[in-house]
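Note that the structure is a prediction, hence the values are computed from the model and not measured. Labels below follow one simple rule: chain letters A, B, ... track the order of the sequence lines, proteins then strands, and each chain is numbered from 1.
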Amino acid sequence: MAEDLLERPGPSPTSIPKVEMRGIVKRFPGVVANDGVDFTIYAGEIHALLGENGAGKTTLMNILYGIYTPDAGVIRVRGVPVRLRSPRDAIRLGIGMVHQDFRLIEAHTVVENVFLNYDGLGFIPKWSALESRLEEIASNYGWRLDPRARVGDLSPGEKQQVELLKLLVRGADILLLDEPTSVLTPIETKMLFKTMRRMAEEGKSIVLITHKLSEAMSVSDRVTLMRRGKIVLSKPTKEATIEELSTAMVGAQLIGDAGLEERQSAPADGAPTLQLSALSVMGDEGVLAVKDADLTVYRGEIVGVAGVSGNGQTELVEAIAGLRKPVRGRIILNGADVTGASPRRLMELGLTYIPPEGKKWGIVPELSIYENVALRVARYAPYSRLGVINWRKVAEVAEKVVSEFRVDTASIKSRAGSLSGGNVQRLILGRELTTSKPSLLVAAYPTKGLDIAASEQVRRILSKLRSEGVGVLMLSEDLDEILELSDRIVVMYGGRIVGVVGRGEATPELLGVMMSRGVAASASA
Amino acid sequence: MLRRSLPGGLKLLVRVERRPEVTPRYSIIVSLGMLLLAFLASGLIFQLLGFSALHIYRSFFTALLSPIMLEEVFRRSAPIILASIGLCYSYRMGFWNIGAEGQLYMGMIAATGVVVLHSAGYGTGQHLLLPTVIAASMVAGGAWGLVPVILKVRFGANEIITTLMLNYTAILLADFLVHGAWKDPAGYGFAQTVQFPSTARISIPGVSDAVAYLVLAMAVTVLTLLVFKFTVFGFESKIVGLNIYASRYAGVGISSILVRGVFISGALAGLAGLIVVSGLIGRLRPGASPGYGYHAIIASMLGGLYPPAVFFSSILFGMLVTGGDLLQASLQMPKSGVEIIMAMIFLATIVAEFVKRHRLTIVVRGRGVVA
């Protein structure tokens with residue numbers, strides 16, 4: 001079936017495909033990341049490559065970029081069969097890739113970073129020539145980028161432009177962008193899409209690797225969907241529907257759940273569990289990141305914190321979790337003043353914190369799953385007595401966590417680092433919720449980077465906690481998620497809480513205005 | 001990456017890849033293999049220097065395994081075992097303590113101080129002398145280790161540098177005392193202190209010193225293994241070493257774990273110092289330790305921070321230290337010959353770490369497949 005879909009012509013029906021990948025197979029120990037994949041890229045198109053984490057998208061693109069060599073299959077670029085031994089080969093053929101994590105030297109300027117990848121400057125570099133070339137490219141796409149600026153001082157969106165410059169200056173016309181919007185604000189994302197459009201108009205081909213359906217729908221000409229190493233669908237975007245794509249993406253798993261309907265009911269009239277008064281927190285740069293924040297979270301409600309990233313949300317929750325000492329103000333947890341208390345004391349008083357970047361903060365990847373469960377409980381009876389750990393008890397609770405929270409693993413002795421992002425998040429949530437009875441759950445970006453099914457499960461867990469009378473404070477970059485789950489929405493801008501909007505009044509437009517301008521809308525009363 | 005063309009258009013590719021999982025068995029095999037390579041490489045150097053490597057190794061090991069020499073090997077191994085087991089506590093927390101030598105010297109100084117006072121008529125009676133010197137040496141070694149911890153926690157000072165510098169401080173302090181205030185008045189002007197009385201020596205009635213030390217070292221090794229495996233402290237110290245973010249998040253008291261771990265580390269080095277000064281040479285004098293604290297660093301690395309393995313790798317270093325004197329006496333080879341072997345083992349340990357984590361994959365590819 002996939003075969004005849006691929007025979008379908010691209011945007012310019014007569015052209016030879018720019019890239020044709022046929023029957024690509026790539027195996028890693030224990031998995032087949034690409035299993036006979038056919039993929040075609042035409043000139044002048046934005047081609048969205050969709051799939052959940054681990055579907056094989058990035059592997060396929062790494063093969064096209066020469067990072068991996070396929071175990072089988074043929075690659076043709078502009079009709080000619082090629083062998084890509086390294087990115088160098090790919091670059092020579094006009095293929096360029098922007099990785100999810102930037103590969104830039106922060107201490108160097110834009111022009112110096114570009115120079116590192118460019119050998120058209122001669123032995124003694126003619127900086128001015130390169131600078132003016134960069135300025136020319138930047139203005140072509142409407143970027144305001146100073147070639148002499150230090151990369152460390154640039155915003156994520158600008159860093160991405162530098163990555164694109166590195167490719168464009170070498171004349172790349174097949175651009176592979178791996179999850180390019182994951183670090184961008186909504187405005188920067190819009191800007192990037194505009195750039196991509198312009199590039200396509202110039203005849204360049206762009207592959208947008210993403211797991212966000214809405215992105216694929218809004219910007220691409222064609223969409224190809226991968227699941228478990230295989231192509232399951234490939235068609236012009238205008239013939240595809242969101243429903244069709246999301247069903248194809250998760251396969252047989254159902255999306256949506258009756259349990260979420262209960263959430264529509266009014267919140268339980270609980271007692272306050274968390275009270276912040278005039279809380280100010282210092283950021284990493286020595287500037288106040290949170291300014292005079294007042295907030296109360298009641299038991300049995302979900303409070304969503306919305307805001308463009310970098311407006312103090314992370315520092316706010318880190319202060320609540322005891323990982324950052326506030327400079328002013330007070331934090332009251334269940335009636336006790338816990339300003340400046342240690343994470344351990346907060347935990348013992350009923351706070352559970354779900355950190356961002358689970359693999360960095362929440363688990364120790366080198367250790368087994370049961371040791372990661374011990375991480376949180378080893379100090380307490382019955383898991384230890386007089387400082388001696390009872391590993392049998394730990395293993396028992398670990399088994400419980402794994403089965404109740406559906407952590408997909410062969411055994412609790414497996415390394416936690418081998419789990420996928422969704423499983424890590426389920427492990428963290430499961431560990432925290434199985435081993436403690438929180439009155440307040442603070443979750444920082446709990447669904448970030450998770451696939452649809454895993455996100456849905458996390459959301460379900462949060463609303464279940466809410467109905468059990470737990471107060472939930474949640475950060476999310478996904479406005480839809482905040483709107484869907486929250487009873488009240490707090491908007492942060494420039495370190496201040498600029499408004500609190502109730503469930504009924506919140507609309508994406510209203511929140512969007514508050515997030516981007518910091519104007520406390522009249523509805524916030 | 002390495003490429004070889006084979007007949008028939010086939011290509012042979014050799015790649016270095018990260019290993020997904022390192023099993024303990026594989027890890028031990030690699031360590032032993034690299035150890036063998038270290039001896040082979042040292043042998044090659046001996047050969048190039050005009051000695052017969054085979055002869056050296058044969059007489060080296062036959063002599064060392066003779067009952068008399070074996071006893072000396074065990075005596076010399078004891079301080080290395082204690083110090084290297086101690087270092088395991090530091091290293092598993094990611095605290096790169098290379099100050100075991102200084103901590104060992106502080107242990108020697110403190111124990112000697114008690115004995116000097118005792119001989120001058122101050123302090124405890126004979127029966128309390130041993131517990132006092134043990135406590136003094138361990139507390140002094142531990143406290144010396146805490147200085148870099150405080151500097152790190154308070155000011156972010158790099159412990160590799162501070163621990164190394166404090167080694168020289170301790171060694172020079174010992175020199176200063178031995179040449180000055182603590183010089184034995186009846187010592188014919190030699191820079192050395194009074195002899196340790198037999199009541200200040202660790203011993204087990206009815207067995208030789210070597211056996212007593214070995215029993216002590218074994219007990220410390222087993223106890224450490226149990227601490228690492230079964231205690232909250234052992235577990236949390238591992239977490240601190242592996243992921244400082246997760247430790248903070250999980251509410252591990254990082255500073256308190258560091259303080260406890262490094263104190264134990266220094267205290268065991270201090271205890272090693274007591275054995276040197278009370279048992280091996282009987283008094284404090286300049287250069288009392290030939291670098292036991294440094295040998296311990298390599299021994300703990302070679303043993304992969306696993307106490308039983310560290311125990312045996314320390315005995316290997318005990319053999320090398322003892323064998324150095326042997327080389328000089330019977331083979332007319334400079335004592336520093338063994339330092340070549342030690343350096344080779346050190347290099348091999350570093351290479352072994354890389355080898356353990358990577359593997360070579362060999363792929364044969366035909367011409368038909370475009371890759």
Kindly indicate whether the side chain of [X], heavy atoms from C-beta on, has any atom under 4.5 Å from the side chain of [Y].
X	Y	result
Y249(B)	I428(A)	yes
L367(A)	K238(B)	yes
I63(A)	I75(A)	yes
V262(B)	E159(B)	no
I297(B)	Y91(B)	yes
S247(B)	E236(B)	no
L84(A)	L93(A)	yes

Name the member of [options] that forms the most heavy-atom pairs with chain B at distances under 4.5 Å.
options	result
Y383(A), W361(A), Y353(A)	W361(A)
E348(A), R376(A), K360(A)	K360(A)
S342(A), G417(A), A378(A)	A378(A)

For [X], is it the side chain, the backbone, both or neither that has a heavy atom under 4.5 Å from a heavy atom of chain B?
X	result
I24(A)	neither
R431(A)	side chain
S384(A)	side chain
E432(A)	side chain
W391(A)	side chain

Using a 4.5 Å heavy-atom cutoff, which residues in residues 224-233 of chain B come close to chain A?
K229(B), F230(B), T231(B), V232(B)

List the atom of A157(B), the atom of T162(B), and the distance in Å for their closest heavy-atom pair.
CB-CG2, 4.1 Å

Using a 4.5 angstrom heavy-atom cutoff, name the option from I244(B), N243(B), I239(B) with the most pairs to chain A.
N243(B)

Step-by-step side chain to side chain contact (heavy atoms under 4.5 Å, CB included) determination, R379(A) to V252(B):
CA-CA 9 Å; R379(A) 231 173 287 121; V252(B) 173; 4.0 Å; yes

More than 12 heavy atoms of other residues, nucleotides or ligands under 6.0 Å from OH of Y380(A): is that the case?
yes

